[in-house]
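Contents: one structure, followed by commentary.
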Amino acid sequence: KRGDEVEPLPLKEGSNRFVWDMSYADAETFEGMILWWGSTSGPVALPGEYKVKLSVNGEEEVQSFKILADPRSSATQADLKAQFDYIMQVRDKLSETHKAITNLRNAKTQIKEVNDKLGDNEGAKEIIELGKTIIKEMTTIEETLYQTKNRSGQDPLNYPIRLNNKLAHLNSLTSVGDNRPTDQAVVFKKEITAQIDAELSKLYSIFDNKIIEYNNKVKSMTIDAVTIKK
């Protein structure tokens, strides 16, 4: 286990070694995500006592070890803990945001596929319109959370960064050095997190209500699983 992430040790013939970079797992991302000066990295483990466990054929060996504070740093353990907690909170909110965007995109794709099948069905106009409304509302939320116009690393120069990038930028800034987050960083994280939570709340409401309504309306109709164009 590496931090809060389980990572198996790949085995090859001969001696095997696993090197831990003392970093916790990164935030979840999604395919093609581009950020401007934004980090999704997890925090670095705090100085203290740790254990390493090796399991082989049902037998376990446990060894204790210490992570020592950098003697060149003037940061206290409390400072490092404040930095660790801050970055962990940012990382977890980024993961939640990116998972939500992934689910949102999957939902949009599936609704479009169903709407295409219903396209020639005269009795499906209400369902189709509901599907279009859901897609429109989710797209607005997606574009608030993430800059969907980004296609390359240079695109953020042309298009303004969105909420997830602002939060990831805080991660980049507060990860530098061994320092307690500044008061400004704490206030700004609270502000951006509140804005993200507002968008996620709207999205979760769509998931829990409108998409269920859409699914129920589709279930009430008979839709061919396979259609052949003539």
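We use all heavy atoms of the structure for the numbers below, so side chains are in, but hydrogens, waters and symmetry mates are not.
Cluster membership check: Ile34 does not share its hydrophobic cluster with Trp37, using side-chain heavy-atom separations under 4.5 Å among Ile, Leu, Val, Met, Phe, Trp and Tyr. Note: the hydrophobic cluster containing Leu203 also contains Ile135 (ILVMFWY, side chain heavy atoms under 4.5 Å, direct or indirect links). Cluster membership check: Ile101 does not share its hydrophobic cluster with Trp36, using side-chain heavy-atom separations under 4.5 Å among Ile, Leu, Val, Met, Phe, Trp and Tyr. The hydrophobic cluster containing Tyr159 does not contain Phe30, counting ILVMFWY residues as joined when their side-chain heavy atoms lie under 4.5 angstrom apart, directly or transitively. Tracing side-chain contacts under 4.5 Å through hydrophobic residues (I, L, V, M, F, W, Y), one never reaches Tyr214 starting from Ile212; they form parts of separate clusters.
What you find for Met138 and Leu104 is that their closest heavy atoms are O-CD1, 3.3 Å. Summarising the geometry of Asp26 relative to Gly42, their closest heavy-atom pair is OD1-N, 3.3 Å, with the distance given to 0.1 Å. Summarising the geometry of Ala45 relative to Ile67, their closest heavy-atom pair is CB-CD1, 3.8 Å, with the distance given to 0.1 Å. When every heavy atom of Leu163 is checked against every heavy atom of Ile196, the shortest pair comes out as CB-CG1, 3.7 Å. The heavy-atom pair separating Asp178 from Leu80 by the smallest distance is CB-CD2, 3.6 Å. Closest non-hydrogen pair, Glu28 versus His98, comes out as O-ND1, 2.6 Å.
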Kindly determine whether Arg162 and Glu143 satisfy salt bridge (Lys or Arg N to Asp or Glu O under 4.0 Å), including the steps that lead there.
-> CA-CA 8 Å; Arg162 301 305 188 197; Glu143 291 175 350; over 6 Å; no

How far apart are the C-alpha atoms of Glu137 and Lys210, what are their side-chain angles, what is the distance that settles it, and do they pass the salt bridge (Lys or Arg N to Asp or Glu O under 4.0 Å) test?
-> CA-CA 11 Å; Glu137 291 178 357; Lys210 288 189 177 181; 2.6 Å; yes

Run the numbers on Gln83 and Arg180 for side-chain contact (heavy atoms from CB on, under 4.5 Å), then give the verdict.
-> CA-CA 5 Å; Gln83 182 185 43; Arg180 177 186 293 270; over 6 Å; no

Could you give me the CA-CA distance, side-chain angles and deciding distance for Thr76 and Asp79, then say whether side-chain hydrogen bond (donor to acceptor under 3.5 Å, both in side chains) is met?
-> CA-CA 5 Å; Thr76 66; Asp79 291 335; 3.1 Å; yes

Can you check salt bridge (Lys or Arg N to Asp or Glu O under 4.0 Å) on Lys202 and Glu199, steps first, answer last?
-> CA-CA 5 Å; Lys202 288 187 283 188; Glu199 296 302 316; 3.1 Å; yes

Criterion side-chain contact (heavy atoms from CB on, under 4.5 Å) on Glu60 and Leu54, from CA distance to verdict | CA-CA 5 Å; Glu60 295 182 350; Leu54 178 65; over 6 Å; no

Between Gln147 and Asn165, does a side-chain contact (heavy atoms from CB on, under 4.5 Å) hold up when you go through it step by step?
-> CA-CA 8 Å; Gln147 180 50 266; Asn165 201 150; over 6 Å; no

Just do the side-chain contact (heavy atoms from CB on, under 4.5 Å) check on Thr148 and Arg105 with the steps written out, would you?
-> CA-CA 11 Å; Thr148 58; Arg105 290 179 170 180; 4.3 Å; yes

Candidate pair Lys99 and Glu96, rule salt bridge (Lys or Arg N to Asp or Glu O under 4.0 Å), full reasoning | CA-CA 5 Å; Lys99 279 191 273 188; Glu96 182 185 4; over 6 Å; no

Might you work through the side-chain hydrogen bond (donor to acceptor under 3.5 Å, both in side chains) test for Asn209 and Tyr204, ending with a clear yes or no?
-> CA-CA 8 Å; Asn209 295 285; Tyr204 295 152; over 6 Å; no

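Expressed to the nearest 0.5 Å, how far CG of Asn158 lies from CZ of Arg151 amounts to 13.0 Å. Interatomic distance, Asn216 CG to Met221 CE, rounded to the nearest 0.5 Å: 14.0 Å. Atoms OG and CG, from Ser205 and Leu200 in turn, are 12.5 Å apart once rounded to the nearest 0.5 Å. Atoms CZ and CG, from Phe188 and Leu173 in turn, are 9.5 Å apart once rounded to the nearest 0.5 Å. From Asn164, atom CG reaches atom NZ of Lys93 across 13.0 Å, with rounding to the nearest 0.5 Å. Taken to the nearest 0.5 Å, the OG atom of Ser175 stands 9.5 Å off from the OH atom of Tyr86.
Side-chain contact annotation: Gln89 with Lys189, donor-acceptor N/O pair under 3.5 Å present.
Between Leu35 and Thr40, the closest side-chain pair of non-hydrogen atoms falls below 4.5 Å. Taking 4.5 Å as the limit, every side-chain heavy atom of Gln110 sits out of range of all side-chain heavy atoms of Val114. Using a 4.5 Å cut-off on side-chain heavy atoms (C-beta onward), His169 and Ile161 make no contact. With contacts defined as side-chain heavy-atom distances shorter than 4.5 Å, the pair Pro47/Leu68 does not qualify.
Although no hydrogens or angles enter the test, the distance criterion places no donor-acceptor pair under 3.5 Å between the side chain of Ser73 and the main chain of Asp70. Between the side chain of Ser23 and the main chain of Val44, no donor-acceptor pair closer than 3.5 Å is present. For the pair Ser172 (side chain) and Ser39 (backbone), a donor-acceptor distance under 3.5 Å is present. Without hydrogens or angle criteria, Asp208 side chain to Ile206 main chain gives no donor-acceptor distance under 3.5 Å. Put simply, the side chain of Asn16 gets close to the backbone of Lys12: a donor and an acceptor are under 3.5 Å apart. The closest donor-acceptor contact from the side chain of Ser201 to the backbone of Asp197 lies at 3.5 Å or more, if one exists at all.
Each of Ile128, Leu130, Ile134 was checked for a side-chain contact (heavy atoms from CB on, under 4.5 Å) with Lys132, and the lone residue meeting it is Ile128.
Electrostatic pairing of Glu61 and Lys53 does not count as a salt bridge here, judged by no charged N lying under 4.0 Å from a carboxylate O. Using a cutoff of 4.0 Å between basic side-chain nitrogens and carboxylate oxygens, Lys81 and Asp85 are scored as salt-bridged.
Enclosure of atom CG in Asp183 is not indicated, since only 12 or fewer non-hydrogen atoms of other residues, nucleotides or ligands lie within 6.0 angstrom.
Ring orientation note: the planes of Phe65 and Tyr50 are close to parallel, at an angle under 30° on the 30°/60° scale.
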